[in-house]
Amino acid sequence: MVGQVHIGNGCSSLSIHQPYQQDYTGTTPPPSDTPCPVHSLYIPIHPFLPFQIHFNLPLITLYFILQHQRFPTMAATGETQPAKHQEVGHKSLLQSDALYQYILETSVYPREPESMKELREVTAKHPWNLMTTSADEGQFLNLLLKLINAKNTMEIGVYTGYSLLSTALALPEDGKILALDINRENYEIGLPIIEKAGVAHKIDFREGPALPLLDQMVGDVKFHGSFDFIFVDADKDNYLNYHKRLIDLVKIGGVIGYDNTLWNGSLVAPADAPLRKYVRYYSDFVLELNKALAADPRVEICQLPVGDGITLCRRIS
Ligand SMILES: C[S@@+](CC[C@H](N)C(=O)[O-])C[C@H]1O[C@@H](n2cnc3c(N)ncnc32)[C@H](O)[C@@H]1O
């Protein structure tokens, strides 16, 4: 497998794939509790490329793949035309684009802080913009954090920082966000806007894969039960691994939010639906996560069809 790189996973979740996933064929998923080794090679060609590519992959094929990554639900529905909605960050599972636009224009954009609007617009120009948290979900997170009086929080999966900014704006002056991402470059796109908004002092950004850091924190009792809120929006194949650790780190009564738990609606696609390989692959992890969360007596849950689906878990024991 000389000269192969694995880049990205699915819609709205960039995953830098780990060595154990090399040669992924869709039939041999990686061990579910294998800690993420530090990625050895990172080539930011495009975040949604689901599988390993050969360096000599013809450009035309690459172009074809990139075009189709933008409309991952097409495969699930058998549509032949891309969805009409072109809103950046559009991940609504609403069947009506017009209704989604109505929500954005009536309730979201008019109340969106200027800094978030600016970050959304800057992110829209970035080639991986489909990864960004949608504006309606950003608004939801902001209100949720205020409702639960969150002060000490964590975010796994920052990208350019839209959800991070919505969190930072919601927290009190002495609030904190431990922000984890393998890619600092994208975070730095949003950082000047976050600084201008006067909330950068709340953010402790750490570059690197999240799991090893979580393991360190789990090994230190001072972090146990210390987080009011944790937002997970990163590599789906590690969500269960994250949950195993985060459950110790979030306080009793605190909330973990897992993003993309409806995975483009692919979870209910028939077995023979022509899903793209990466959608099918990550769909199994999301299905496994949803089942595990529903059966976990340590949390109360609520799965909301906001964005690409967000499952809130309130720790109760
Ligand atoms: C969907 S994006 C996050 C979007 C972000 N919440 C926003 O509001 O724009 C997923 C992010 O997860 C990061 N990521 C992927 N694998 C990761 C890992 N193992 N540890 C930490 N971050 C990871 C990617 O670099 C990417 O920036």
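For the numbers below, each heavy atom of this structure counts, side chains included, while hydrogens, waters and symmetry mates do not. One-based numbering, in listed order, for ligands and for the atoms of each.
- Between Gly157 and ligand 1, at least one N/O pair is under 3.5 Å apart.
- Remark: the Asn129 side chain and the Lys125 side chain contain no N/O donor-acceptor pair separated by less than 3.5 Å.
- Interface atoms of ligand 1 facing Tyr242, defined by a heavy-atom separation under 4.0 Å, are 18 (C), 19 (N), 20 (N).
- Counting atoms of ligand 1 from 1 in the listed order, those under 4.0 Å from a heavy atom of Pro209 are 20 (N).
- Ring geometry for Tyr278 against Trp263 counts as perpendicular: the plane angle is over 60°, on a 0 to 90° scale with 30° as the lower cut.
- Here is the list of ligand 1 atoms found below 4.0 Å of a heavy atom in Val158: 5 (C), 7 (C), 9 (O).
- Inter-residue side-chain proximity for Leu214 and Ile156 is flagged as met; some heavy-atom pair is nearer than 4.5 Å.
- Asp136 and Ser134 share a donor-acceptor pair across their side chains, judged by distance under 3.5 Å alone.
- Using a 4.5 Å heavy-atom cutoff, the side chains of Tyr242 and Ile230 are not in contact.
- Those atoms of ligand 1 that come under 4.0 Å of a heavy atom in Gly208, given as number and element, are 20 (N), 21 (C).
- Ring geometry for Phe229 against Phe231 counts as parallel: the plane angle stays under 30°, on a 0 to 90° scale with 60° as the upper cut.
- The closest heavy-atom contact to atom 11 (C) of ligand 1, among the options Leu119, Asp181, Asn238, comes from Asp181.
- Listed by atom number, the atoms of ligand 1 under 4.0 Å from Tyr159 heavy atoms are 2 (S), 3 (C), 4 (C), 5 (C), 9 (O), 27 (O).
- Here the options are Leu293, Leu312, Leu240, Ile310, the test is side-chain contact (heavy atoms from CB on, under 4.5 Å), and the partner is Tyr258; only Leu293 passes.
- Considering backbone and side-chain N/O of Ala210, one or more are found under 3.5 Å from N/O of ligand 1.
- Using a 4.0 Å cut-off to heavy atoms of Ala234, the atoms of ligand 1 that qualify are 12 (O), 14 (N), 23 (C).
- With Leu214, Ile182, Leu180 as candidates, the residue nearest to atom 23 (C) of ligand 1 on a non-hydrogen basis is Ile182.
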